[in-house]
Structure formats: structure tokens, C-alpha cells
Amino acid sequence: MEADHLTRVFSRGLINKVENVAVNDISLRIDDENPSITVIAGESGSGKTTLASMLLGFMRPTSGEIRYQGRDIYSLKGGDWRAFRRNVQPIFQDPFEVFNPVYRVDRILTLPARLYNIAESEEHAMELVEGALREVGLRPAETMGRFPHQLSGGQRQRITVARAFLLKPKVIIADEPVSMIDASLRATVLESLRELKTELGISIIYITHDLTTAYQVGDAIYVLYKGSVVEAGNVEDVVQEPSHPYTQLLMGSIPVPDPRVPWGENFAQISSDDEREASARGCAFAPRCPHAFERCEIESPPHYRLEDGRAVKCFLNEDRPITHLDSLLSDDLGSNTA
Ligand SMILES: Nc1ncnc2c1ncn2[C@@H]1O[C@H](COP(=O)(O)OP(=O)(O)O)[C@@H](O)[C@H]1O
Ligand SMILES: [Mg+2]
């Protein structure tokens, strides 16, 4: 799956039109031969859900293209569209909104098994559902007859993960899948995501505002700031030695990753410090950047590539070769994810 130069603009107001660039020129590549977990990290409003909706085929980009197996997903029809729908599955923040509240869990799970012709018979469907529930640590006998509202948030979340085990898609796009779950249960769901990768070979795009979980599950990371990727690379490199001033600011108060501290809290602190507007032409981060100089106000930096393969959107790296994010991911990051 490849996304090339995705941009999504929302406009408000009829007379004085205000344009909000929610996603700004993002490219990424998911290789299904080489399953990986790609983290998209950013504070609230940085464009994560907009990006996910475009990748899932739910929202057309204003410009740019998303290809699945070489074809533009927004041009797929009939059987090709259904194949894409099955192969690229979402896991949402609150699955409660997605499940039909009048169906019991067994029905919620056997329906997609039937819809996508996974089960040969009703009994086979039940067997598959039971297997998938066990896979995520739920007891079928206790879960199958319940309605969604009779389950805890964590159990509902695990049912969406069970649905993924059942459908065996090629790619899962999980938008803040653990944000509604108690910290004590997060590790189980994150572990299930890793199993989806290692046992079933599913590639995952894991979207989060919490950098601790990014470090726990991710192979590659994209850090978003106001719709742009400011830094992308191998998770360990980026977390241990952040290069972009924004990533440095996020990691600054926690030099060594400590799984007990939710780094997402940093996002909130940093964003409330500064409300200054960035100039439309310059770097979006310049008003908050401790290193900003004149050029940052008038020109938007390209992505520069560092020796370890990551890309950083900052003029401080000007002596380094310019790269495109898509080539970065296919060349380097895919290979260290096994
Ligand atoms: N349907 C929409 N209509 C108008 N503006 C939107 C819509 N969805 C998102 N936005 C705006 O786009 C920006 C990014 O939002 P979103 O993708 O939801 O960010 P995140 O998921 O990172 O919190 C925000 O400024 C938000 O207000
Ligand atoms: Mg969101």
C-alpha cells in the first residue's frame, strides 16, 4: 500500500473562506511482504484521524493518491473494492460506535465471517469466532452471548482485535486503539497487535498521541505536527535521539524512555504554551522552535535524510541530502522489522 503526497484541506466559511490543511503532503509505504508496525504519532488535531480515514478509503484526499496493489483505491469498484475493504481493516478508538448494539457478540463476529466468505458453514463460523476470541484473551463461553453494552471498554476493544484475527486482513489501521482502555489492560491489546504482525503477517498502522505505546509496539514512526511529518524513522533511533526540534521538545523531559510515564501528556503541555501563528509560507513549527532563524519564517523546509535513514523536516540538517519519505520507508525501515 502506497500513499503519495496526500493532502487534505478543510474549508470553513462561505465568504471569508478559511482553509485548514489537516494533512499536508504525507507519503508512506506499507510493504505486505515484510510486515511491520508503523506508528503515526501526534498531538490532538495534528491530522491523524484525517490521514487514517483517507488510507481506509473513507475520505478522498484533496490531492495525492493512495494505491493498493498498484491501483488507486478511490477508483476501485465491485469485487476489487470489496477485496480492498477486506484486506485493509480499521480498528477504531471506541468500537462501541461501530458495533450494532442489538447484536450479540457471536453475531457481530459471524456476520463479517459470512460477508467475506471466510466460513464454509454456520458451525465453521462459530469455530472461527471462538478461536479468534481466545486469541485475544477472551473466554468464548462468557463473551459470545453478550451485547456490546454488557462488556467493558477493554473487552469491546479486544473484540475488534478478534475481528481482525478472524478476517486476516493484510493491513490494519488502528486509530488510537488503546486510548479508551485502562492502563492495566493496554499491554494485552498492544501485545495482540504485535501477534497480528508476527503470527499472521499483518502490517499495522498504529495511530497514537501516546509516545510510550509507540515505543512499545512500533518499528517505524512518523511524528506529525500540524498535518506534516516532521520526523520519520526507526522508532528506537527517533525516540532515543530525536533530531527535529519538535520531537526533541516532546522527548526532552524524559531522556530515557520510561514505560510508566505517558508521554502523551507532553503533547498537551507543549501545545498550551504557545498560540502564536506560523507564517503561511514558513515552517509550521517555527513559532515554537528554540532554533528558528529568519529563513524558517519564509520558507518551508524539505525532508533531509540522516545517516540512519530517518527523514527530518528541518533546515538544521541542510548539509544532508534531501530525500523523499516514500523511498526512505521502502529502502530502510522495512528491513529492520523482522
Ligand atoms: N470533517 C471535518 N471537517 C472540518 N475540519 C475537520 C474535519 N475533520 C478534522 N478536521 C480538522 O482537521 C484537523 C485535524 O483533525 P484530526 O485529523 O481529527 O486530528 P487528530 O486525529 O490528530 O486529532 C483539525 O484541525 C480538525 O479540526
Ligand atoms: Mg483522531
Side-chain angles (χ1 to χ4, degrees), residues 1 32 35 49 52-59 68-69 73-74 76-181 185 188-189 191-193 195-197 199-207:
M1 190 167 176
D32 27 0
T49 296
S53 307
M54 293 192 288
L55 295 173
L56 283 161
F58 297 155
M59 183 193 281
Y68 181 66
Q69 295 177 336
I73 63 168
Y74 288 95
L76 298 175
K77 294 197 173 63
D80 292 335
W81 171 254
R82 275 195 300 280
F84 169 76
R85 235 332 16 104
R86 178 184 166 185
N87 285 329
V88 181
Q89 286 284 333
I91 294 181
F92 294 105
Q93 190 165 24
D94 186 6
F96 200 43
E97 294 168 14
V98 186
F99 294 152
N100 189 325
V102 302
Y103 290 175
R104 295 175 203 269
V105 169
D106 57 339
R107 181 108 191 267
I108 286 170
L109 291 172
T110 50
L111 269 181
R114 225 174 299 146
L115 181 68
Y116 294 109
N117 293 320
I118 292 164
E120 286 146 24
S121 63
E122 201 65 25
E123 290 100 79
H124 185 213
M126 281 301 197
E127 263 169 50
L128 293 175
V129 165
E130 288 180 18
L133 288 171
R134 283 196 202 94
E135 212 48 80
V136 296
L138 291 170
R139 292 200 190 94
E142 287 172 19
T143 326
M144 305 245 298
R146 302 233 177 154
F147 292 103
H149 69 265
Q150 295 174 313
L151 301 169
S152 70
Q155 287 170 324
R156 286 201 294 268
Q157 197 57 267
R158 281 193 272 172
I159 283 166
T160 40
V161 179
R163 187 174 182 276
F165 268 104
L166 190 70
L167 293 177
K168 299 188 173 48
K170 298 273 191 279
V171 178
I172 287 176
I173 299 179
D175 190 358
E176 312 224 28
V178 295
S179 60
M180 312 273 289
I181 303 181
L185 281 170
T188 318
V189 174
E191 188 50 37
S192 310
L193 291 182
E195 282 168 19
L196 288 168
K197 180 186 93 160
E199 288 173 25
L200 301 182
I202 300 173
S203 284
I204 296 169
I205 296 183
Y206 171 69
I207 295 174

A132 versus F165, closest heavy-atom pair with distance: CB-CB, 4.2 Å

Shortest non-hydrogen separation from I207 to A52 and the atoms involved: CD1-CB, 3.4 Å

Side-chain (Y103) to main-chain (L111) donor-acceptor, under 3.5 angstrom: no

Distance (rounded to the nearest 0.5 Å) between T49 OG1 and M59 CE: 9.0 Å

For P169 against N87, the heavy-atom pair lying closest together: CB-O, 3.2 Å

Any Q89 side-chain heavy atom under 4.5 Å of I173 side chain: no

Shortest non-hydrogen contact between P112 and R107, atoms and distance: CD-O, 4.5 Å

L200 CG to I172 CD1 distance, which is reported to the nearest 0.5 Å: 8.5 Å

Spacing of CE belonging to M1 relative to CD1 belonging to I73, to within rounding of 0.5 Å: 5.0 Å

CZ on R82 to CG on N117, rounded to 0.5 Å: 9.5 Å

V88 side chain reached by L55 side chain, heavy atoms, under 4.5 Å: no

Spacing of R158 atom CZ and S152 atom OG [to the nearest 0.5 Å]: 7.0 Å

Minimum side-chain heavy-atom gap V171-I202 below 4.5 Å: no

Modelled atom types, side-chain donor and acceptor of Q155 and R146, under 3.5 Å: no

From CA spacing to verdict: side-chain contact (heavy atoms from CB on, under 4.5 Å), Y206, V178: CA-CA 10 Å; Y206 171 69; V178 295; 3.6 Å; yes

Spacing of I159 atom CD1 and T143 atom OG1 [to the nearest 0.5 Å]: 6.0 Å

Trace of the side-chain contact (heavy atoms from CB on, under 4.5 Å) decision for L193 with I91: CA-CA 11 Å; L193 291 182; I91 294 181; 4.2 Å; yes

Any side-chain heavy-atom pair of P101 and F147 under 4.5 Å: no

Note, L56 side chain near R85 side chain (heavy atom, < 4.5 Å): yes

Polar side chain donor-acceptor pair, Q157 to T160, under 3.5 angstrom: yes

Side-chain touch E130/M144, heavy atoms, less than 4.5 angstrom: yes

Within-4.5 Å side-chain heavy-atom neighbours: L133 and L109: yes

Mutual orientation of the aromatic rings belonging to F84 and W81 [parallel < 30°, tilted 30-60°, perpendicular > 60°]: tilted

Heavy-atom pair with the smallest gap, counting every atom of H149 and R156: CA-NH1, 4.4 Å

Within-4.5 Å side-chain heavy-atom neighbours: R86 and I118: yes

